[in-house]
Protein chains: 6
Amino acid sequence: MAESWLPTLITPDPESGYALAVKLSRMAVKLTQPSAEVRTRLRPAYESDADALIAVSSVVAINFQTVAQANNFWK
Amino acid sequence: MAESWLPTLITPDPESGYALAVKLSRMAVKLTQPSAEVRTRLRPAYESDADALIAVSSVVAINFQTVAQANNFWK
Amino acid sequence: MAESWLPTLITPDPESGYALAVKLSRMAVKLTQPSAEVRTRLRPAYESDADALIAVSSVVAINFQTVAQANNFWK
Amino acid sequence: MAESWLPTLITPDPESGYALAVKLSRMAVKLTQPSAEVRTRLRPAYESDADALIAVSSVVAINFQTVAQANNFWK
Amino acid sequence: MAESWLPTLITPDPESGYALAVKLSRMAVKLTQPSAEVRTRLRPAYESDADALIAVSSVVAINFQTVAQANNFWK
Amino acid sequence: MAESWLPTLITPDPESGYALAVKLSRMAVKLTQPSAEVRTRLRPAYESDADALIAVSSVVAINFQTVAQANNFWK
């Protein structure tokens, strides 16, 4: 369990839940492109591409919805 | 807590919930492209690009759904 | 309250709920591109672009789902 | 009510619910591009474009989820 | 009922539910492009296009969520 | 049942649920492009394409939401 990258969806507050959503969004990229070298090479291009940044934001939004639901919206 | 950018998903009404959804949408961009200078440089281009504006609207829609659910749709 | 553009997600029926979903979809564009002049300039192009029209329809679909949930699907 | 294009989200069965989802998807296009002439002109191009057809399918999927939820999945 | 292409969203298990999600995804394409000849002509191109395949996967994911919810996730 | 590729959506923990979401995302591609040879040929290109990787991440996010809901978010 200690070595799991995703032991739980429960977080103490919305901000840490948002950080988990970002992590979830990046993990799919890592699993599809396991080479850190290639991912590092791709980074400068999409970091300066508005369309890519908006697309990233879309993925984070979906994952954040999941995390927020899991935490009963931290109510 | 005072320094958190996202202390809660609860808002007093739908309009402020929508503003929070916009903030959530922009935060993913900030976390992916931390340089304010680069983000400012990208802004004029996508602000005048209909496709980018529609894509932004899509991200806000997902985040607004999350915020609205969290607030039990302000009923 | 009277000046809010979004006082409530509750509507009398599905048709007015759909109109609200369209309004929600457009508001994100307005907040990202505040200039009415620029938005008016962009309009002719995307109004005649099938891909853009389908993308708009996608955003409306997400917002309509939110509004429909808020209204318990008008049942 | 008789003149409403969307009097209800309730349908007798899943197949008619899917047809309603298609109608919902097209209505956003109509409201954004009110000219039937322009829409008719755009039709041949996107009808033969795989990417556009897949995008249409995506919008229908979101709307069908809403309709299916409204009908308690016709259980 | 026997002639309906979608008599129910209920399936015996997740695998058949996934097959139904694929069917739902294709039906929107059929309803938008009724000509089997045109659809057959488009098939080779998008079947060898990674972007199109990922887009198809996205539509199936949305429909599978609907079917899974309808089946109470087969629990 | 033993031969089903998807006997259940229930997983022991979030990490294995995420792995299932990746599997669900790939299965739609397999069903649309059954040739392993073609899929292998496409792989190098999209694995080094930031836009494709983000799109993959989007599909995984949708499927992960479904799996997480099915598992009551592993609470």
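To find a chain, count down the sequence lines: A is the first, B the second, and so on, and within it residues start at 1.
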For this session: Heavy atoms only, distances under 4.5 angstrom: which of D:V67, D:V38, D:L24 has the most pairs with chain C? Name it, please.
Result: D:L24

Problem set entry | Heavy-atom pair of closest approach, residues D:T66 and C:F73 | O-CE2, 3.6 Å

For this session: Nearest 0.5 Å please: distance from the CD atom of D:Q69 over to the CG atom of C:N72.
Result: 11.0 Å

Exercise. Which residue out of C:S57, C:S58, C:S16 racks up the most heavy-atom pairs below 4.5 Å with chain D?
Worked result: C:S57

For this session: Taking all heavy atoms of D:Q65 and all of C:Q65, pick out the closest pair and write down the distance.
Result: OE1-NE2, 3.1 Å

Exercise. At their closest point, which heavy atom of C:E15 faces which heavy atom of D:S4, and how far apart are they?
Worked result: OE1-OG, 2.5 Å

Seminar exercise, completed: If you tally heavy-atom pairs under 4.5 Å between each of D:V60, D:V29, D:N71 and chain C, the highest tally belongs to D:V29

Exercise. With a 4.5 Å limit on heavy-atom distance, are the side chains of D:L6 and C:W74 in contact?
Worked result: no

For this session: State the OG1-CD1 distance between D:T32 and C:I54, to the nearest 0.5 angstrom.
Result: 11.5 Å

Exercise. For the candidates D:L31, D:I62, D:V56, which exhibits the highest count of non-hydrogen atom pairs separated by less than 4.5 Å from chain C?
Worked result: D:I62

Seminar exercise, completed: Under a 4.5 Å heavy-atom criterion, the part of residues 45-52 of chain D in contact with chain C comprises D:Y46, D:D49, D:A52

